[in-house]
Amino acid sequence: MVRSLPRNAELAERFELLADLLELDGADAFRLAAYRRAAARIRESAVSVAELALEGKAQRLSGIGGTIEQKIAELARTGDLEALAKLRQRIPLGLVDVMRVPGLGPKTARKLWKELGVETAEQLRAAAEQGLLRGVPGLGEKTEQNVLAHFARPPERASRDGRALLGTVLPFVEAVVSELASHPAAVRVSEAGSVRRRTETVRDLDVIATATDPAALIEHFVTRPWVAEIVARGPTKATVVGHDGLRFDLRVVPPECYGNLLQHFTGSKDHNVALREEAVRRGLSVSEYGVEEVATGAVTTMATEQELYAHLGYAWIPPELRENAGELEAARAGTLPVLVERRDVLGDLHVHTDWSDGKATLEQMVAAARERGHRYVAICDHAKRLKDGRLERQAEAIAALNGRLEGIEVLSGVEVDIRANGSLDLDDESLAARDWVVASIHSGFRDPPAEIERRLLAAIEHPFVDCIGHPTGRKIGRRAPYDVDLEAIFARAGETGTALEINGQPDRLDLKDTQARLAAESGVRIVVSSDAHSAGGLGYLDLAVSQARRAWLTAAQVVNTRPWAEIARRAR
DNA sequence: GCCGTTTTCGGCCCGACTGTTTTCAGTCG
């Protein structure tokens, strides 16, 4: 029997656990940082890293060297790591949970284990309740109260491992930014952090500001009615948690270093570390307060990010690219792509109406699309809901609407299911009559990956299919992507000209950034879609565009930056 | 453990805040 290879997420988890246990064991900090870097690289890779390692090619990924490549191969062959097994014998696994309690860390967890015999989170709770924590050297009453408060929190808050969907938190961030900006002490206020980079999920919501009176602005921030808890508070920085569990960081500095602060607080951490290491090699020390020439001690501050990047020898890097995934090298060489922008996108090629499972009528959806400036919109209701002549009647309704409307072209599209045998749930004649055909998998998610791969390839080969909808089927945090060979799928889609979708639904964002980047590099045409089921849902096109930008895509690589007439010629 | 237009050895970003300390370690991002 063939053992299936461990998936990237599984590999990453093993290395994260290895790093955690090494940290509890008191290992060299740089060594475990290396494991964590490697885990992050593995997690974000669009191709199977286990396969790469078995072929001896995993070292192509930066952060993975010979040792870790061998360990990946060991995991792929045996399903476990000898190093991990040895550590598990020495260090109680439950200490990892103890270490994760906010305010505690590896050093404290180890101390509690040695001093009190605490090996699990439950034992930690019991020790705190018995008042034992304050007796441990270096700990006090405050720490004990923090631990008790952590366990006393409502379970949903305590178990919320923190990551919220980008699409659901963006409106809150925008509201907080405008709330702060209206305070008299505020000079400039901006979103920052992972929200500004548009990562698919975010843990903390970062806001930065310059202010005439920083203390006043921070006071205003921590006393907002939506603030449930003040986690930290100092003269330039505060952290609060809202009643909905969202965690906000605000940081304030003088206006002259706004560029330094915005860059620092936008991250990512990996991007900043790489940028600073490179700066150190050039005799410069970079922090949020400026760039210091180490030899002279002279500090230069920048009011804008553009000045900062220029000072360090880079072109300005769009926030969506700041993941240390080649952007610094490209920015130094002047080869950064000109990323697609929302205004380049001329229409939406995947929306639903109440002809199937949408909430709005055809007329409402089209009016809303025109309102957003779309020049065309493809109505792609589910074929299975358009039986018995309804598909034809909808086509007539669309034709009638086109006759009355100015400024937007309504396309008669359809979303068909790719069935278990690879066939579509609509006949060829009906498919040929539609302007735009999206084919998607909506069933059989637990079928063997090879089956799903065959279904996807069959749809890609189909002459009347224009685009594959949500190609990997993932639901963020709820359903893993199909374990299929994406490289093979991208290769075939590139050959047939079948487009692949970046679906903008907040819990899908499918393809994801690294996959879309790889697809486009393979010559695949990408469509950005809202998959809207309501008028408001049309806004998810923005999320799809953000994802496309994170995938390094230019306007030329995105199908729906072109006029419909041009797409239609190519599609048929 | 990784990595290299100063290095295959000796480095590895930088600062803020908290709690427990009378000068700092641990944690966090």
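Here the structure is a predicted model, which is why all the values come from computation and not from measurement. Proteins come first, then strands; the chains are lettered A, B, ... in the order of their sequence lines, and each starts at number 1.
- In this structure, A:Y35 reaches the sugar-phosphate backbone alone: every heavy-atom distance under 4.0 Å involves primed, P, OP1 or OP2 atoms, never a base.
- Distance alone, capped at 3.5 Å, places no donor-acceptor pair between the A:S45 side chain and the A:I42 backbone.
- Taking atom NZ on A:K142 and atom C1' on B:dG26, their separation rounds to 16 Å, with Å as the unit.
- Separation of the P atoms belonging to B:dC3 and B:dT8 is 16 Å when rounded to the nearest angstrom.
- Within 4.0 Å (heavy atoms only), A:L275 reaches no atom of the nucleic acid at all.
- Between B:dT6 and B:dC12, the distance separating the two P atoms is 16 Å to the nearest Å.
- Among the nucleotides B:dT20, B:dG1, B:dT18, the one closest to the side chain of A:I68 is B:dG1.
- Under the 30°/60° scheme for interplanar angles, the aromatic rings of A:H220 and A:H183 are found to be tilted.
- A stacked arrangement is not assigned to A:F30 and the six-membered base ring of B:dC2, the conditions of a centre distance below 5.5 Å and an interplanar angle below 30° not being jointly met.
- Base engagement by A:K269 is indicated by at least one non-hydrogen atom pair under 4.0 Å involving a base atom.
- Picking from B:dG29, B:dC13, B:dT7 the nucleotide with the shortest atom distance to the side chain of A:R281 gives B:dT7.
- An OP1 or OP2 oxygen of B:dG29 is reached within less than 4.0 angstrom by a side-chain nitrogen or oxygen of A:R247.
- Comparing B:dC17, B:dG15, B:dC13 by their closest approach to the side chain of A:Y289 singles out B:dG15.
- Contact annotation: A:T239 does not reach the phosphate of B:dC17 (side-chain N/O to OP1 or OP2, under 4.0 Å).
- A:E23 has no carboxylate O lying under 4.0 Å from a charged side-chain N of A:K107, or vice versa, which leaves the two without a salt bridge.
- If A:T143 and A:R31 are placed on DNA chain B by their nearest nucleotide, the residue sitting closer to the 5' end is A:R31.
- The interatomic distance linking A:L87 (CG) with B:dG1 (P) rounds to 11 Å, in whole Å.
- Close to B:dG19, at under 4.0 Å from its OP1 or OP2, lies a side-chain N or O of A:N146.
- Separation of the P atoms belonging to B:dG10 and B:dG15 is 26 Å when rounded to the nearest angstrom.
- Rounded to whole Å, the separation between the P atoms of B:dA16 and B:dT5 comes to 31 Å.
- Of the candidates B:dT27, B:dA16, B:dG1, the closest approach to any side-chain atom of A:T108 belongs to B:dT27.
- Considering only side-chain atoms of A:V273, the nucleotide from B:dG1, B:dG15, B:dC13 that sits closest is B:dC13.
- Distance from the side chain of A:K107 is smallest for B:dG26 among the nucleotides B:dG1, B:dC13, B:dG26.
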Candidate pair A:R342 and A:D542, rule salt bridge (Lys or Arg N to Asp or Glu O under 4.0 Å), full reasoning: CA-CA 6 Å; A:R342 172 62 187 83; A:D542 297 7; 3.0 Å; yes

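- Remark: B:dG4 base-pairs with B:dC9; criterion is Watson-Crick or G-U wobble with both hydrogen-bond distances under 3.5 Å.
- A:Q59 has its CD atom 8 Å from the P atom of B:dC3, to the nearest Å.
- Using a 4.0 Å heavy-atom cutoff across all strands shown, A:G267 reaches no nucleic acid atom at all.
- Nearest to the side chain of A:E277, among B:dC13, B:dC2, B:dT20, sits B:dC13.
- For A:D249, whose side chain is taken as the heavy atoms from C-beta onward, the closest listed nucleotide among B:dC17, B:dG1, B:dG29 is B:dG29.
- A side-chain donor from one of A:T472 and A:D510 sits under 3.5 Å from a side-chain acceptor of the other.
- A salt bridge links A:R36 with A:D20: the closest approach of a Lys/Arg side-chain nitrogen to an acidic carboxylate oxygen falls below 4.0 angstrom.
- In this structure, of B:dC14, B:dG15, B:dC17, it is B:dC17 that holds the atom nearest to the side chain of A:T236.
- If you check the side chains of A:E327 and A:H271, you find a donor sitting under 3.5 Å from an acceptor.
- In terms of phosphate contacts, A:S285 brings no side-chain nitrogen or oxygen within less than 4.0 Å of OP1 or OP2 of B:dG15.
- Defined by atom type and a distance below 3.5 Å, a donor-acceptor pair is present between the side-chain atoms of A:R196 and A:T266.
- Among the atoms of the strands shown, none is found under 4.0 Å from any heavy atom of A:L32.
- Closest to the A:P106 side chain, of the nucleotides B:dA16, B:dC2, B:dT27, is B:dT27.
- Taking the P atoms as reference points, B:dG26 lies 13 Å from B:dT21, given to the whole Å.
- Distance noted for atom P between B:dG11 and B:dT22: 32 Å (whole Å).
- In terms of position on DNA chain B, the residue among A:V231 and A:M99 whose nearest nucleotide sits closer to the 5' end is A:V231.
- For the P atoms, the distance from B:dC28 to B:dT20 is 15 Å, rounded to whole Å.
- Contacts of A:E278 with the nucleic acid, taken as non-hydrogen atoms under 4.0 Å apart, are absent.
- One can place NZ of A:K237 at 9 Å from P of B:dA16, the figure rounded to the nearest angstrom.
- At the phosphate of B:dC2, OP1 or OP2 sits under 4.0 Å from a side-chain N or O atom of A:T67.
- In this structure, A:N272 atom CG and B:dC14 atom C1' are separated by 10 Å, rounded to whole Å.
- Spacing between atom CD of A:Q263 and atom P of B:dC13 amounts to 15 Å, rounded to whole angstrom units.
- Residue A:H264 contributes atom NE2, which lies 11 Å from atom C1' of B:dC28 at whole-angstrom precision.
- B:dC3 atom C1' lies 13 Å from atom CG of A:N324, rounded to whole Å.
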